[in-house]
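This is a predicted model, so every value here is computed, not measured. We name chains A, B, ... by the order of the sequence lines, and we start the count at 1 in each one.
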Amino acid sequence: MTERDTSPPPDFIRAIIAQDLKTGKNAGRVVTRFPPEPNGYLHIGHAKSICLNFGIASEHKGGICHLRFDDTNPTKEEIEYIDSIKKDIKWLGFEWGDHLYYASDYFERLYEYALQLIKAGSAYVCDLSAEEIRQTRGTLTEPGKESPYRQRSIKENLDLFERMRKGEFEDGSRVLRAKIDMASPNLNMRDPVIYRILKAAHPRTGDKWCIYPMYDFTHPLSDSIEGITHSICTLEFEDHRPLYDWFLDKLKVKSHPQQIEFARLNLSYTVMSKRKLLELVEQRYVTGWDDPRMPTISGLRRRGYTPESIRNFCERIGVAKRDSIVDMALLEHSIREDLNEKAPRVMAVLRPLKVIIDNYPKDKTEEFEILNHPNNPAMGSRNIPFSREIYIEQGDFLEDPPKRFFRLAPNREVRLRAAYFITCVDVVKDEKTGEIKELHCTYDPATRGGDAPDRRKVKGTLHWVSAPHSLPAEVRLYDRLFTKANPTGEKNGADFKAYLNPNSLEILTSSRVEPSLAGAKPEDRYQFERQGYFCVDSIDSKPDALVFNRTVTLRDSWAKIEKGMRRLSIFSFMDKV
RNA sequence: UGGGAUGUCGUCUAAAGGCAGGACACGAGAUUUUGGAUCUCGUUAUGGUGGUUCGAAUCCACCCAUCCCAGCCA
């Protein structure tokens with residue numbers, strides 16, 4: 001109802017902004033920005049930053065969040081990434097309106113600023129090679145050495161820098177450096193490079209430039225040009241803040257934004273660096289940036305996640321400065337919570353086991369009406385056909401059931417959801433392999449709809465589909481990409497790929513789904529009763545060849561019991577030896 | 001070992017000198033035509049040692065642990 005009801009709990013950044021507003025620091029303005037480099041796809045860590053920056057802007061009257069592409073390195077950046085980033089931000093539910101910017105749009109002004117710096121005697125052209133610069137930078141504990149070119153005259157610097165722009169020099173032969181302090185304990189202040197020669201075509205400026213500004217120079221000035229008030233970034237830039245401030249203090253700028261750093265998101269059982277994700281893509285460990293196992297926005301979308309669930313997740317994890325690894329279970333909770341409310345229920349049998357109901361007439365078909373959502377009649381209902389031959393889940397039958405197994409077993413009665421009670425009377429097996437081929441059951445006509453007039457109870461309720469009416473489907477069961485909560489945290493420096501989960505994808509090609517799914521559209525989401533949430537794959541599913549992706553399983557208390565029993569049996573085995 | 005940061009339930013995160021709270025996870029129970037959902041209840045935490053104070057997660061000192069920085073990446 002009120003804004004307070006929907007806005008996230010205050011965090012230290014919102015507290016700073018509230019304080020600034022109170023003291024009138026930025027004349028009541030709140031302008032943030034989300035500044036991706038178009039060198040990869042956005043992931044859930046970016047979603048955290050997007051929710052923060054766009055969220056903060058939306059919480060204040062007149063607040064604005066800019067989308068600015070930080071496209072200063074043409075060797076790594078591509079239009080494809082720009083397009084995907086825009087698409088993902090929109091899909092998440094945020095809008096930048098007219099405020100779409102590119103750092104490359106500022107190249108001319110940035111060049112002017114560089115000139116200004118040179119004229120002030122605060123920058124110089126350095127002819128040292130990359131290797132020489134590295135060697136003279138010093139170490140964490142030793143100061144660096146000043147470049148022999150550090151004392152060049154302003155006139156010579158101006159001349160050289162102009163000629164750098166004209167393309168007179170080769171890549172790597174010269175750079176422009178800020179003249180700060182080679183003995184600074186902060187390595188970033190040891191005369192950082194601010195322009196390098198790169199004779200590469202830029203996705204937006206083409207061949208217009210052959211010198212490109214570095215991030216440390218570009219970012220504060222872009223922020224200032226746009227009138228950003230709060231420049232929110234991640235912790236690794238904390239050491240860069242003195243440099244951020246140095247440029248803004250040295251140059252004539254109209255405003256001096258405040259950089260604030262927060263801890264980037266880490267999620268258990270996945271990796272969250274663009275470099276590592278790129279590696280998984282390029283080396284074909286996954287099918288692409290949008291592989292449903294990837295923590296990318298496009299991967300999560302294809303997996304079946306909703307924008308709301310991701311936004312809720314980002315709100316729940318909070319914003320702080322402490323390094324942390326958020327439990328994947330929280331992300332899974334967020335999508336279950338959302339889909340539990342929104343997803344219509346349907347029945348699908350993933351691993352079919354045929355059941356013949358001996359006392360049901362051979363040619364009879366009847367229909368049962370079933371609610372699309374048991375807790376929300378407003379979502380309507382549908383009819384599902386029933387006949388003598390049905391499929392149930394292989395895992396719902398056990399010849400020799402353990403305690404607490406409530407499903408079907410020889411001579412046991414269970415309920416078929418919304419249909420009848422059935423009792424298993426016979427098990428047909430392959431004589432050679434012992435594999436269960438089919439089950440014979442009888443049904444009780446008095447239990448039509450799933451209720452027994454004599455009030456007798458049945459422990460289990462199974463999902464099912466009518467064999468002749470059901471549709472074939474491919475179902476892709478996705479699981480966590482890694483077997484280790486923190487695959488990159490190995491002290492011995494082991495390769496994170498060693499912990500890839502070999503079972504992160506299981507493809508089922510003989511699943512059967514209820515006929516109402518015939519018209520399912522790409523990205524449609526359903527709950528397959530008793531199993532999980534699934535969505536129609538946006539790439540591979542065809543009207544006559546449906547493909548479903550498992551978004552997340554339902555919470556499964558039976559699986560927990562099973563796991564516990566397995567552990568128990570191991571213990572009792574160990575007792576015996 | 002220079003500099004910058006950070007330490008609160010298993011995991012995230014609140015508490016600006018005054019009852020250590022919430023969410024997830026976990027456990028118990030109720031309920032249930034999804035072993036789902038829902039509801040109720042519950043276990044578990046201030047890195048350490050000193051100090052200041054009537055009172056410390058919070059202030060001070062020292063220690064310990066973890067993360068980031070030596071790209072012409074961002």
With a non-hydrogen cut-off below 4.0 angstrom, is [X] in contact with a base, only sugar-phosphate, or nothing?
| X | value |
| --- | --- |
| A:F405 | base |
| A:R404 | base |
| A:R407 | base |
| A:E238 | sugar-phosphate |
| A:R555 | sugar-phosphate |
| A:N375 | base |

Exercise. Tell me, please, whether A:F169 has A:R174 positioned over its six-membered ring: NZ or CZ under 6.0 Å from the ring centre and within 45 degrees of its axis?
Key: yes

Practice problem: State whether A:Y111 and A:R165 meet the cation-pi test: NZ (Lys) or CZ (Arg) under 6.0 Å from the six-membered ring centroid, and within 45° of the perpendicular axis. | Solution: yes

Residues [X], [Y]: salt bridge by 4.0 Å N-O rule:
| X | Y | value |
| --- | --- | --- |
| A:K199 | A:E170 | yes |
| A:R150 | A:D191 | yes |
| A:D105 | A:R204 | yes |
| A:K342 | A:D338 | yes |
| A:E332 | A:R480 | yes |
| A:E279 | A:K276 | no |
| A:R351 | A:E393 | no |
| A:D556 | A:R530 | no |

Taking atom [atom1] in both [N] and [M], compute the distance separating them and give it to the nearest angstrom.
| N | M | atom1 | result |
| --- | --- | --- | --- |
| B:rC62 | B:rA23 | C1' | 36 Å |
| B:rA45 | B:rU40 | P | 24 Å |
| B:rC72 | B:rA14 | P | 36 Å |
| B:rA20 | B:rG3 | C1' | 34 Å |

Quiz item: When you check the glycosidic angle of B:rG36, does it come out syn, meaning within 90° of 0, or anti?
Solution: anti

Quiz item: Short question: side chain of A:S309, backbone of A:I335 - any donor-acceptor pair under 3.5 Å?
Solution: no

Quiz item: Please, what dot-bracket string fits RNA chain B when only Watson-Crick and G-U pairs with both distances under 3.5 Å count, crossing ones use [ ] and pairs to another strand use |?
Solution: .((((((..((((....[..)))).(((((.......)))))....(((((..]....))))))))))).....

Specify the separation, in whole Å, of atom [atom1] of [X] and atom [atom2] of [N].
| X | N | atom1 | atom2 | result |
| --- | --- | --- | --- | --- |
| A:D556 | B:rC26 | CG | P | 11 Å |
| A:N186 | B:rC68 | CG | P | 16 Å |
| A:N372 | B:rU34 | CG | C1' | 15 Å |
| A:I325 | B:rC67 | CD1 | P | 10 Å |
| A:M328 | B:rG10 | CE | C1' | 17 Å |
| A:M182 | B:rG2 | CE | C1' | 15 Å |

For [Y] together with [X], are the ring centres under 6.0 Å from each other?
| X | Y | result |
| --- | --- | --- |
| A:W558 | A:F406 | no |
| A:F69 | A:Y102 | yes |
| A:F528 | A:F548 | yes |

Exercise. Assess the side chains of A:S381 and A:E369: does a donor N or O sit below 3.5 Å from an acceptor N or O?
Key: yes

Exercise. Any pair with a residue in residues 315-351 of chain A that passes ring pair (Phe, Tyr, Trp, His ring centres under 6.0 Å), sequence neighbours left out, goes on the list, sorted by first then second residue, please.
Key: none

Look for any protein N or O under 3.5 Å of an N or O in nucleotides 13-16 of chain B and output each such pair with its distance, or none.
| residue | atom | partner | partner atom | Å |
| --- | --- | --- | --- | --- |
| B:rA14 | OP1 | A:V319 | O | 3.4 |

Quiz item: Does A:K457 put a side-chain nitrogen or oxygen below 4.0 Å from OP1 or OP2 of B:rU32?
Solution: no

Exercise. Pull out every residue in residues 458-466 of chain A that has a heavy atom closer than 4.0 Å to any atom of RNA chain B, ordered by number, or say none.
Key: A:T461

Which atoms of nucleotides 70-74 of chain B (N or O only) lie under 3.5 Å from a protein N or O atom, and what are those distances?
| residue | atom | partner | partner atom | Å |
| --- | --- | --- | --- | --- |
| B:rA70 | O2' | A:R137 | NE | 3.2 |
| B:rG71 | OP2 | A:R137 | NH2 | 3.3 |
| B:rC72 | OP1 | A:R137 | NH2 | 3.3 |
| B:rC72 | OP2 | A:R137 | NH1 | 3.1 |
| B:rC72 | N3 | A:G172 | O | 3.4 |
| B:rC72 | N4 | A:L128 | O | 3.0 |
| B:rC72 | N4 | A:A130 | N | 3.0 |
| B:rC72 | N4 | A:G172 | O | 2.9 |
| B:rC73 | OP2 | A:R196 | NE | 3.0 |
| B:rC73 | OP2 | A:R196 | NH2 | 2.8 |
| B:rC73 | O3' | A:R196 | NH2 | 3.2 |
| B:rC73 | O2' | A:N73 | ND2 | 3.1 |
| B:rA74 | OP1 | A:T72 | OG1 | 2.7 |
| B:rA74 | OP1 | A:R196 | NH1 | 3.4 |
| B:rA74 | OP1 | A:R196 | NH2 | 3.0 |
| B:rA74 | OP2 | A:Y215 | N | 3.0 |
| B:rA74 | O4' | A:E37 | OE1 | 3.4 |
| B:rA74 | O3' | A:D70 | OD2 | 3.3 |
| B:rA74 | N6 | A:H240 | NE2 | 3.3 |

Which atom pairs link the protein and nucleotides 19-21 of chain B when you take only N or O atoms and keep those under 3.5 Å?
none

Self-check item: A:E238 CD to A:N188 CG distance, which is reported to the nearest 0.5 Å
Solution: 12.0 Å

Kindly say whether, by distance alone, the side chain of [X] makes a donor-acceptor pair under 3.5 Å with the base of [N]?
| X | N | result |
| --- | --- | --- |
| A:R345 | B:rU34 | yes |
| A:Q527 | B:rU34 | yes |
| A:D239 | B:rG3 | yes |

Self-check item: Candidate pair A:Y420 and A:F368, rule ring pair (Phe, Tyr, Trp, His ring centres under 6.0 Å), full reasoning
Solution: CA-CA 10 Å; A:Y420 292 107; A:F368 296 107; 5.4 Å; yes

